[in-house]
Every structure is written in C-alpha cells, then in structure tokens.
Amino acid sequence: MALFKTTEELRQYFPARMTFSIDDLKPVLNEVEQEYLAEQVLGQDQYDELHAAYQDDDLTPELQTLLDLCRPAVVGLGLHRYTGEANVEFTSGGLAVNGASDKRAPASEWRTRDFERKQLRSGMRGLDVLVNHLLDHAADYPLWQDSVQAVGLMRGFVRTTADFNTRVNIGNSGYLFMRLKPAVHRAELGPVQDTLCSVAFTEDLLAKIDADNLSAGEKEVVELVKLAVTHLAMAESIVELSLTLDDRGITTVEGMLGGQTSIGPKSASDRRLQQRIEHHANLGSGYLKRLRNKLQELAEAGQLPLYADSPCYVPPGTTPGPQFKTDGPVASFMA
C-alpha cells in the first residue's frame, strides 16, 4: 500500500489530466516511497508509523503535515519513474507501444524527456521541502530524530540544498545536491578540518550551529567554512557530474541518447569543464586562506580559545611551525 488510496488524491498534486487507475501506479509509488522516504529521508520506523496511521485514518496533526509534505515528492519521483514504463505494454508477443486506434500516439522523445526531467526536479524539490521541515521540527518526530537518516542530514556545516545554493548557484536542485553531498563531506573532513585544526573546536562550532548561539566572530568563521566547502565540493564533483555511471559503464549524455536528437542541454566541452573546475578550486583555496587568517585574527583577540589551544595557532611574535590536527576524526560528521 502507498501513501495514496485513490486517483483523486493523486490529482491534487498533478495538474495534467490522468486517465489511468491508481492501481497502475501503486507498484511504482511503493518503490519510490521505500527507496526515497524510508531509506533516505524518514527512516523505516518513521515511514512505517506514517503509513500505518494513513491507512487507518488515524493521523495526528504532525503526521498529517508530514503526509502532505511527502506526497509531492512521491508524485514527482513516481511519475518520473513510471513514464518509461507507461510508454510500453508487455504482451504475450513482447513489448508493444500504444497505437493510434484511440486517436492518440505516443509522445515524442523530446517531450517525454522534458516531462521526465520536470518530474524529477519536482520530486527532488519536494524532498527538499520535506527535509527542511524535519530539520525545523525534529522534536515533533522522535522516530525520525533517532534514525541514522536524521544523523546524516544534521551532520556537517552544509546540510541543505538552500544552504549550498546560497553560496554556489545550483538552481535549487535537490537532485544535484544529493549527488554533491559525498564531496561536501569529504571537503569538511579534509581541507576544512585541517584548517580548523582542533576537532574540539569543530564540534563546538557544530553544536552552536544546532543551538543557534554562534557569536559574531564564529558566524564569520562558519560562513567562510561554508564558502570553502561549497566551492571545493563543486571543483571535485564537476567531472563526475558530467558523466553517468551505471550497469552500462561510464557514459556521457550523448552516449545515453544513442545518437538520437533531443531538445535539451548538451554536455560542456572538456575545456569548459576544466575552466569551471579551476574556477571553483581557486575560490575554495582562497576561502581557506581567508579562513586561516580569520581564525588567527579572532584567536589573537581572545575570541576563539579552542582554536588558540591548537597547534595551528601562531602566537604573536613567534615563527609558525608544522601544523597538525590535535585529535582524530570528528564524530559529528559520521553517520
């Protein structure tokens, strides 16, 4: 069973005319809900509670809000996944496409691709809205708050699409941000942590972000951290984002189209990719340098005692020596 019982419920979240039965779509809806909601965002326990309450018509106000926020994501991602399957029929003679007997013909390839792209973006945007609600109302959903999914979403300095998009424009794309997240965490664990130097200092900053009680100086530090992280993550991810890795191997957009024409964006040239990589790498390195200078400045002013206790801090009048982190990996970053 899915988070929809009737086609009428689906129509509330999709403006186009629907002539199919909800039963046609339910297998895909169930698949999407398990893959994205249960496994990636809500966690199995929170999803099971929501699903059971919906099926029993026993939703609390908090669960009703959660259901309303889950549904746009499920519809968008479900229709994106269903589009290819809806274009063909599996018969005893093999795969067939719709004929013209009912005065309708299958949509052209470019229309189908545009529809799929739009539904994917819509579904991922729905997940963004859902995640932001969970982060702002974690206490209302204890089953989610205790899940590994919540730990993963609440870790680190850059946690949401909006947070990333404020510093590097990714078009508010939740899908793109999900693909960037591994590089975001690597940047935070690597060059940013090396610059902050003290794990105790890093954990203190993260705790103050959660409590919303950063000092003015700490806010400057966190902003420089976020700027460095987003640009370094972009520099690392650009080549990977320009390719697709699946059971067919590594392919480009043109390779995936199989030589067919399609209306839509084309892959950038290698030269443009390299220019964009260097652009973000230089910005990321520049923000790391500014971060080091700001840490030194604030520590000298007595505003960052935890950083001042680290080997990266250079007391006035002394010569900088080798700089090493003071302890091991940051527990707060680990899922």
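Numbering starts at 1 and runs along the sequence shown.
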Verify the ring-centre separation between His133 and Tyr141: is it less than 6.0 angstrom? yes

Here's a test for you: under side chain to side chain contact (heavy atoms under 4.5 Å, CB included), which of Leu63, Asp146, Leu134, Val41 qualifies with Gln46? Leu63

CG-CZ distance between Leu196 and Arg292, expressed to the nearest 0.5 angstrom: 11.0 Å

Drop me the distance from Ile170's CD1 to Thr230's OG1, to the nearest 0.5 angstrom. 9.5 Å

Out of curiosity, Tyr82 OH to Lys26 NZ, how far, rounded to the nearest 0.5 Å? 13.5 Å

I'd like to check the side chain to side chain donor-acceptor pair (under 3.5 Å) partners of Asn282; sequence neighbours left out, ordered by chain and number. none

Would you sort out whether Tyr313 and Gln296 count as a side chain to side chain donor-acceptor pair (under 3.5 Å), showing the intermediate values? CA-CA 6 Å; Tyr313 174 63; Gln296 180 69 25; 4.7 Å; no

Could you tell me whether a side-chain N or O of Asn30 sits under 3.5 Å from a main-chain N or O of Ala2, the two making a donor and an acceptor? yes

Within the 4.5 Å heavy-atom criterion, are Glu236 and His280 side-chain neighbours or not? no

Check the orientation of His231 and Tyr287. Use parallel for under 30°, tilted for 30 to 60°, and perpendicular for over 60°. parallel

For the atom pair CZ (Arg159) and CG (Leu206), what is the distance rounded to the nearest 0.5 Å? 6.0 Å

Dump the intermediate steps for side chain to side chain contact (heavy atoms under 4.5 Å, CB included) on Leu3 and Leu29, then the final yes or no. CA-CA 8 Å; Leu3 295 178; Leu29 296 179; over 6 Å; no

Apply side chain to side chain contact (heavy atoms under 4.5 Å, CB included) to Leu66 and Leu130, showing your working. CA-CA 8 Å; Leu66 193 61; Leu130 172 61; 3.6 Å; yes

Pair Glu9 + Arg71, salt bridge at N-O below 4.0 Å: yes

Any side-chain heavy-atom pair of Phe177 and Val158 under 4.5 Å: yes

Exercise: do Ser215 and Gln303 side chains pair donor with acceptor under 3.5 Å: no

Compare all side-chain heavy atoms of Leu59 with those of Leu50 and state whether any distance is below 4.5 angstrom. yes

Going only through I, L, V, M, F, W and Y residues with side-chain contacts under 4.5 Å, is there a path from Leu143 to Leu69? no

Heavy-atom distance under 4.5 Å between the side chains of Leu153 and Lys181, does that happen here? yes

Side chain to side chain, Ser198 and Tyr307, heavy atoms closer than 4.5 Å: no

Side chains of Leu77 and Met124, heavy atoms from C-beta outward: is any pair under 4.5 Å? yes

Is it true that atom CG of Asp270 has more than 12 heavy atoms of other residues, nucleotides or ligands lying nearer than 6.0 Å? no

Would you tell me whether Glu8 and Gln12 have side-chain atoms, one donor and one acceptor, within less than 3.5 Å of each other? no

First locate atom CG of Leu37, then atom NE2 of His51, and finally report the distance between them rounded to the nearest 0.5 Å. 10.5 Å

With a 4.5 Å limit on heavy-atom distance, are the side chains of Thr202 and Leu306 in contact? no

So Leu214 and Leu205, side chain to side chain contact (heavy atoms under 4.5 Å, CB included) or not? Walk me through it. CA-CA 8 Å; Leu214 291 165; Leu205 286 176; 4.2 Å; yes

For the CG atom of Leu291 and the OG1 atom of Thr195, what is their distance to the nearest 0.5 Å? 5.5 Å

Salt bridge (Lys or Arg N to Asp or Glu O under 4.0 Å): which pairs involve residues 211-230, sequence neighbours left out? Asp163-Lys226, Arg167-Glu223, Lys208-Glu218, Glu220-Lys294

Would you say that more than 12 heavy atoms from the other residues, nucleotides or ligands in this model lie under 6.0 Å from the CZ of Arg179, or not? yes

Can you check whether Leu232 reaches Pro191 side chain to side chain, under 4.5 Å on heavy atoms? yes

Shortest non-hydrogen contact from Leu42 to Ser147? O-OG, 3.9 Å

Look at Arg121 together with Asp128 and state whether they make a salt bridge at an N to O cut-off of under 4.0 Å. no

Trace of the side chain to side chain contact (heavy atoms under 4.5 Å, CB included) decision for Tyr54 with Gln64: CA-CA 8 Å; Tyr54 166 67; Gln64 180 64 58; over 6 Å; no

Checking side chain to side chain donor-acceptor pair (under 3.5 Å) for the pair Glu39/Gln149: CA distance, chi angles, key distance, verdict? CA-CA 8 Å; Glu39 296 178 8; Gln149 286 79 10; over 6 Å; no

